[in-house]
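Worksheet: one structure, shown below.
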Amino acid sequence: MLTFVVKRILSAVPVLIMVAIIVFLVLRLSPGDPALMIAGPSATEDQLQALRESMGLTKPLLQQLFLWIGQILSGDFGVSLISGKPVTELILDRFGPTLALSLSTIVLAVAVAIPLGVLAAWQQGKWIDRLVMAGSVLGFSVPVFIVGYILILIFARGLGWFPVQGYKPLSDGFGPFAVRLVLPSVALSFPYIALIARIVRTNVIEVMGEDYIRTARAKGLTEGGVLMDHALGNAAVPIVTIIGVSIAMLIGGVVVTESVFNIPGLGRLVLESVLARDYTVIQTVILLFSTIYVFINLAVDLLYGLFDPRIRY
């Protein structure tokens, strides 16, 4: 297994390099001028040119690219073009809220979606099954920001059960920390509950037609035991796959959700940096997300062997 892990990590290096190059070129070739964002529209061309030179934006494109890759390899991710702070410091300041939101979302999605999918498979063709499938279509169809605003309108503005927006770190107490994560986690989990529930239902229905399921029933096992011990266990590999994909997909949803609920995480940082054309921050955060995506895929591959002993690396 160690050889497999090492090979996967080494094979990810060229992918990350290509991601870094593509992101760098797209940002540099897209419209927008960081110098203009800093100096303002009243700045003269000489002032703008001097500011561009101080930020290294007047150097040839390839030279800028090689300088940036060299900095990354040495562990230096540069400084923000707008704030002047080290990019590493900015990311560490914003990483906690994003991690908390992502973990609470995926835990909620898995805890709700797997029982719903198993229930829909058990009641295939009945009203419960149709209700779960209709809910999954709704979860796919309604954008996350719409769900967020509806939840704010009902549970924050209407009932007053939760704060409208904001974030409190865990150091301020578990209560204030948890209560501010409820609405954003529920809003962000909607599409992932729909996705995971559909996959669970499909795979459990497929497994329920196997011979060993009929044998388990013939031996007198309860329907719950057949579902949980045999059907769900043997359908685990594709379910783990879709959960891994869902975790990776959270990257896109976090940006929108953090903006709606005013959470100071990496998603908000990316949005602010895009609007300000802060190249160094955008490049580093996207590279970080790509690295996380690679390691999530590796973790999913390793979990296959845990759920299916026939798989060997």
Side-chain angles (χ1 to χ4, degrees), residues 77 79-113 139 142-194 196 243 246-276 278 280-293 295-296:
F77 294 97
V79 297
S80 167
L81 298 179
I82 305 301
S83 67
K85 294 181 179 179
V87 174
T88 305
E89 179 183 326
L90 291 174
I91 290 175
L92 290 176
D93 288 342
R94 303 290 192 101
F95 187 74
T98 298
L99 180 62
L101 176 59
S102 300
L103 288 177
S104 60
T105 297
I106 202 64
V107 168
L108 176 63
V110 171
V112 173
V142 182
V144 171
F145 70 91
I146 296 294
V147 176
Y149 285 130
I150 292 173
L151 292 176
I152 290 173
L153 182 64
I154 297 174
F155 296 101
R157 297 294 298 274
L159 299 174
W161 291 354
F162 302 99
V164 176
Q165 292 179 325
Y167 172 80
K168 289 287 186 181
L170 189 56
S171 57
D172 290 353
F174 182 77
F177 166 76
V179 76
R180 284 169 173 78
L181 282 177
V182 172
L183 293 186
S185 299
V186 171
L188 185 54
S189 67
F190 256 66
Y192 306 109
I193 290 174
I196 296 171
I243 292 174
S246 299
I247 295 173
M249 288 168 58
L250 278 174
I251 294 171
V254 159
V255 176
V256 176
T257 308
E258 289 182 352
S259 300
V260 171
F261 290 94
N262 195 27
I263 297 175
L266 290 177
R268 279 285 302 279
L269 179 62
V270 169
L271 182 61
E272 293 165 2
S273 301
V274 168
L275 295 175
D278 197 341
T280 52
V281 175
I282 302 170
Q283 292 164 182
T284 306
V285 174
I286 292 178
L287 193 60
L288 172 64
F289 284 160
S290 301
T291 304
I292 293 173
Y293 185 87
F295 280 96
I296 288 173

Residue pair [X] / [Y]: nearest heavy atoms and the distance that separates them:
X      : Y      : answer
Pro97  : Pro264 : CG-O, 3.6 Å
Leu90  : Leu269 : O-CD2, 4.2 Å
Ala109 : Ile196 : CB-CD1, 4.5 Å
Pro191 : Leu188 : CD-O, 3.4 Å

Side-chain heavy atoms of Val112 within contact of Ser189, under 4.5 Å: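 The answer is no; the side chains never approach within 4.5 Å.
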Heavy-atom side-chain contact between Val260 and Tyr149 under 4.5 Å: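 A side-chain contact under 4.5 Å exists here.
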From [atom1] ([X]) to [atom2] ([Y]), nearest 0.5 Å:
X      : Y      : atom1 : atom2 : result
Ile146 : Leu151 : CD1   : CG    : 11.5 Å
Ile282 : Leu287 : CD1   : CG    : 13.5 Å
Leu153 : Ile150 : CG    : CD1   : 8.0 Å
Thr105 : Phe190 : OG1   : CZ    : 12.0 Å
Leu103 : Leu101 : CG    : CG    : 9.0 Å
Leu181 : Phe261 : CG    : CZ    : 10.5 Å

Quick check against the 3.5 Å criterion: does Thr98 have a side-chain atom that pairs as donor or acceptor with the backbone of Leu266?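 Between the backbone of Leu266 and the side chain of Thr98 there is a qualifying donor-acceptor contact (under 3.5 Å).
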Check: Thr257 side chain, Val254 main-chain N or O, donor-acceptor pair, under 3.5 Å: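 Checking the backbone N and O of Val254 against the side chain of Thr257, no donor-acceptor pair under 3.5 Å is found.
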Sort and list the pairs that fulfil ring-ring contact (aromatic ring centres under 6.0 Å, His included) and have at least one residue in residues 158-178, not counting sequence neighbours.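 ring-ring contact (aromatic ring centres under 6.0 Å, His included) check on residues 158-178 returns Phe155-Trp161.
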Hey, are Arg94 and Glu258 close enough for a salt bridge, meaning a charged N less than 4.0 Å from a carboxylate O?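 Not counted as a salt bridge, because no side-chain N and carboxylate O are separated by less than 4.0 Å.
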So Val164 and Arg157, side chain to side chain contact (heavy atoms under 4.5 Å, CB included) or not? Walk me through it. CA-CA 7 Å; Val164 176; Arg157 297 294 298 274; 3.8 Å; yes
I'd like to know whether Asn262 forms a side chain to side chain contact (heavy atoms under 4.5 Å, CB included) with Arg268, so could you lay out the CA-CA distance, the side-chain angles of the two residues, the decisive distance to 0.1 Å, and finally the verdict. CA-CA 8 Å; Asn262 195 27; Arg268 279 285 302 279; 2.6 Å; yes
